[in-house]
Student: 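Shown below is the structure under consideration.
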Amino acid sequence: MAAVFIHLSDIHFGQEKDGGLVFINNDAKKRLLDDAAAEIAKLGMSASGIIVTGDIAYAAKYEEYAKAGEWLDKLAERVGCNRLDIQMVPGNHDIDRDAITPVAKFHLDAVREQGDKMLDMLLDDEGQREALYERFAAYRDFSGGYGCDLDVGGVYSADVAVAVAPGRTVRFVRLNSALICSRKDDEGKLILGARQRVFEAIDGEEMVVLVHHPLNWLQDSDEAARYFKARARVIISGHEHFPSLDIKAVEEGCDLLLLAAGATAPDDIDEKYTYKYNILTFDWDEAADALAVTINPRTWNFEMKRFERDDRFLEGKSERNVLGSPYFSRAPRPVAPVQGMVDEPPQVQPVANSVTGSKEVDLSMPDDIRLVRLRFFRDLPEELRRRILVELEAIPADLTDRLDHTIEQRFFAKLVAQGRVGELSAAIDAAILKQKQGDAE
């Protein structure tokens with residue numbers, strides 16, 4: 001039951017500063033759609049999902065995420081996965097620098113200077129906490145549509161899992177390394193915080209950590225590394241725009257794979273930095289009772305203007321890496337999958353956050369409601385969402401208070417609980433149509 005994921009990072013929608021670069025980057029993104037579809041077709045199966053390790057947008061504006069959503073929908077369709085099955089974490093370009101007030105900057109600088117103690121104080125105060133997350137407003141709407149909500153308590157976000165064999169599960173853990181990003185960030189100055197570093201290992205599950213910044217960008221990298229090497233099997237990061245692969249032998253029967261992504265759309269194209277993405281396959285190695293990770297690195301051929309296998313990246317490295325997996329071995333050994341089961345891609349399943357016990361993603365929510373949620377939060381700007389809530393009498397027309405993302409989610413959930421999904425969907429259709437007509441005028 002191999003699970004295949006398209007891995008993107010640093011797509012930077014909205015980064016182009018001139019019209020020519022828009023055409024060049026759009027062409028590369030179109031060629032990526034073609035390449036990913038062709039490579040998945042060679043495997044004879046559909047992809048299980050898409051992973052984005054940060055910097056979806058460039059300036060964290062609604063318009064940039066709208067373009068990203070349209071393109072991700074096309075990618076999901078081309079590789080055969082549900083467009084809802086996209087996991088993401090924020091990067092430094094997913095914060096709105098215009099929302100960094102002098103007070104917010106003071107707090108961010110204080111966290112850099114005082115570390116966990118100051119961060120915990122801000123997270124424990126509801127008002128300060130919302131101010132801290134205000135920089136992520138557009139990203140929270142976008143990611144929340146997919147169910148990849150940021151945990152505003154500073155804990156790692158709700159994760160998802162995929163079974164690669166009976167009793168053998170790969171669990172994805174999403175971290176926010178951009179939590180204290182400001183206007184300019186220096187290497188080694190960011191902080192994950194204790195609440196994100198601690199996650200519980202479970203017998204029969206091996207964890208894949210998704211994070212934007214590599215460990216060397218964190219003040220608390222040493223302590224984070226101790227938790228990761230003990231409890232995670234894979235760390236996938238972005239940010240530095242140049243790919244790398246390292247496998248560390250933690251102890252006997254325990255390995256840690258660190259994969260740093262190249263940029264899907266880097267700031268500049270030159271001999272070192274170019275368009276890159278990965279196709280990752282997670283499966284169970286029966287002989288070793290271990291997690292195996294196969295990496296198909298894809299890079300831009302500058303001469304032929306297309307993607308191809310990055311043989312230089314794999315030089316001296318293995319394409320398929322069988323990792324010492326202690327948490328697989330602690331659970332009863334599974335019976336080998338029935339021949340032919342690999343033809344059916346495993347389903348990605350949302351699971352509860354094992355630290356807080358919260359479930360940002362409702363396990364019982366059917367796809368049709370998840371799709372309405374995606375369209376409401378991802379495809380509509382804040383003013384149209386508010387208008388719909390007024391039209392459906394979820395909020396009074398004379399309400400002047402701004403609705404933050406958390407409150408909007410509660411109103412959305414209330415409408416769903418009232419059985420008004422059809423009304424909500426129709427209102428979204430009307431709002432999107434009106435928006436398109438306005439854009440065309």
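What's counted below: heavy atoms across the whole structure, side chains too, no hydrogens, waters or symmetry copies.
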Student: Do Asp35 and Tyr277 get their side chains close enough for a donor-acceptor pair, meaning under 3.5 Å?
Tutor: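 Yes, a side-chain donor-acceptor pair sits under 3.5 Å.
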Student: Tell me, with the steps shown, if Leu8 and Leu32 meet side-chain contact (heavy atoms from CB on, under 4.5 Å).
Tutor: CA-CA 10 Å; Leu8 314 165; Leu32 190 153; 4.2 Å; yes
Student: Heavy atoms, side chains only, cut-off 4.5 Å: are Arg171 and Val208 in contact?
Tutor: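 SC-SC contact between Arg171 and Val208 ruled out.
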Student: If you measure from the Lys or Arg side-chain nitrogens to the Asp or Glu carboxylate oxygens, is any gap between Glu408 and Arg386 under 4.0 Å?
Tutor: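 Not counted as a salt bridge, because no side-chain N and carboxylate O are separated by less than 4.0 Å.
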Student: Between Leu259 and Ile235, is there a side-chain heavy-atom distance shorter than 4.5 Å?
Tutor: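 A side-chain contact under 4.5 Å is absent here.
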Student: Taking only Lys NZ, Arg NE, NH1 and NH2, and the carboxylate oxygens of Asp or Glu, determine whether Arg112 and Asp185 approach each other closer than 4.0 Å.
Tutor: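 Looking at Asp185 together with Arg112, the answer is yes, because their closest N to O distance falls below 4.0 Å.
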Student: Can you tell me if Lys189 has over 12 outside heavy atoms packed within less than 6.0 Å of its NZ?
Tutor: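 No, not enclosed.
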Student: Would you indicate whether the side-chain heavy atoms of Asn321 and Thr294 approach each other to under 4.5 Å?
Tutor: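 No, their side chains stay 4.5 Å or more apart.
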Student: Do you know which of Tyr139, Tyr58, Phe13, Phe136 makes ring-ring contact (aromatic ring centres under 6.0 Å, His included) with His93?
Tutor: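 Exactly one pass, corresponding to Tyr58.
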Student: Side chains of residues 210-217: which donor-acceptor pairs under 3.5 Å do they make with residues two or more places apart or in other chains?
Tutor:
{"residue": "His212", "atom": "ND1", "partner": "Thr53", "partner atom": "O", "Å": "2.8"}
{"residue": "His212", "atom": "NE2", "partner": "Asp55", "partner atom": "OD2", "Å": "3.4"}
{"residue": "His212", "atom": "NE2", "partner": "Asn92", "partner atom": "OD1", "Å": "3.0"}
{"residue": "His212", "atom": "NE2", "partner": "His239", "partner atom": "ND1", "Å": "3.1"}
{"residue": "His213", "atom": "ND1", "partner": "Ser177", "partner atom": "OG", "Å": "2.6"}
{"residue": "Asn216", "atom": "ND2", "partner": "Glu187", "partner atom": "OE2", "Å": "2.7"}
{"residue": "Asn216", "atom": "ND2", "partner": "Glu240", "partner atom": "OE2", "Å": "3.0"}
{"residue": "Trp217", "atom": "NE1", "partner": "Glu240", "partner atom": "OE2", "Å": "2.9"}

Student: Please determine if Lys317 forms a cation-pi arrangement with Phe313, meaning its NZ or CZ atom is less than 6.0 Å from the six-membered ring centre and no more than 45° off the ring axis.
Tutor: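 Lys317 over Phe313 ring: yes.
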Student: In sequence, state the C-alpha distance, the side-chain angles, and the governing distance for Phe282 and Phe172, and then conclude on ring-ring contact (aromatic ring centres under 6.0 Å, His included).
Tutor: CA-CA 12 Å; Phe282 299 91; Phe172 294 89; 5.7 Å; yes
Student: Would one find more than 12 heavy atoms of other residues, nucleotides or ligands at under 6.0 Å from atom NZ of Lys29?
Tutor: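 It does: Lys29 NZ has more than 12 such atoms within range.
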Student: Please confirm whether Phe377 and His405 have ring centers closer than 6.0 angstrom.
Tutor: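 For Phe377 and His405, the ring centres are under 6.0 Å apart.
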Student: Are any non-hydrogen side-chain atoms of Leu190 and Cys181 less than 4.5 angstrom apart?
Tutor: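 Yes. Closest side-chain heavy atoms under 4.5 Å.
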Student: Report yes if some heavy atom in the side chain of Asp120 is under 4.5 Å from a heavy atom in the side chain of Arg195; otherwise report no.
Tutor: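 Sidechains of Arg195 and Asp120: in contact.
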Student: Between Asp73 and Arg378, is there a salt bridge with N-O shorter than 4.0 Å?
Tutor: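 Looking at Arg378 and Asp73, the cut-off is met.
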Student: Does the side chain of Glu39 come within less than 4.5 Å of Asn296's, by heavy atoms?
Tutor: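 Side-chain contact under 4.5 Å: yes.
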Student: Are the charged groups of Arg312 and Asp310 less than 4.0 angstrom apart, N to O?
Tutor: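 Salt bridge absent between Arg312 and Asp310.
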Student: Could you check whether Arg168 makes a cation-pi contact with Phe328, meaning its NZ or CZ is under 6.0 Å from the centre of the six-membered ring and within 45° of the ring axis?
Tutor: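 Satisfied, under 6.0 Å and within 45°.
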Student: With a 4.5 Å cut-off on side-chain heavy atoms, are Ile11 and Val52 touching?
Tutor: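 Touching, per the 4.5 Å side-chain cut-off.
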Student: Using a 4.5 Å cut-off on heavy atoms from C-beta on, say whether the side chain of Met1 contacts that of Pro166.
Tutor: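 The answer is yes, as the side chains (C-beta and beyond) meet within the 4.5 Å cut-off.
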Student: Between Phe376 and Leu384, is the side-chain contact (heavy atoms from CB on, under 4.5 Å) condition met? List the steps.
Tutor: CA-CA 9 Å; Phe376 183 76; Leu384 291 185; over 6 Å; no
Student: Decide, yes or no, whether a salt bridge links Glu319 with Arg309 under the criterion of side-chain N to carboxylate O below 4.0 Å.
Tutor: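 Looking at Glu319 and Arg309, the cut-off is met.
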Student: I need the Glu308 CD to Asn301 CG distance, nearest 0.5 Å.
Tutor: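 Answer for the CD-CG pair, Glu308 versus Asn301, is 4.0 Å.
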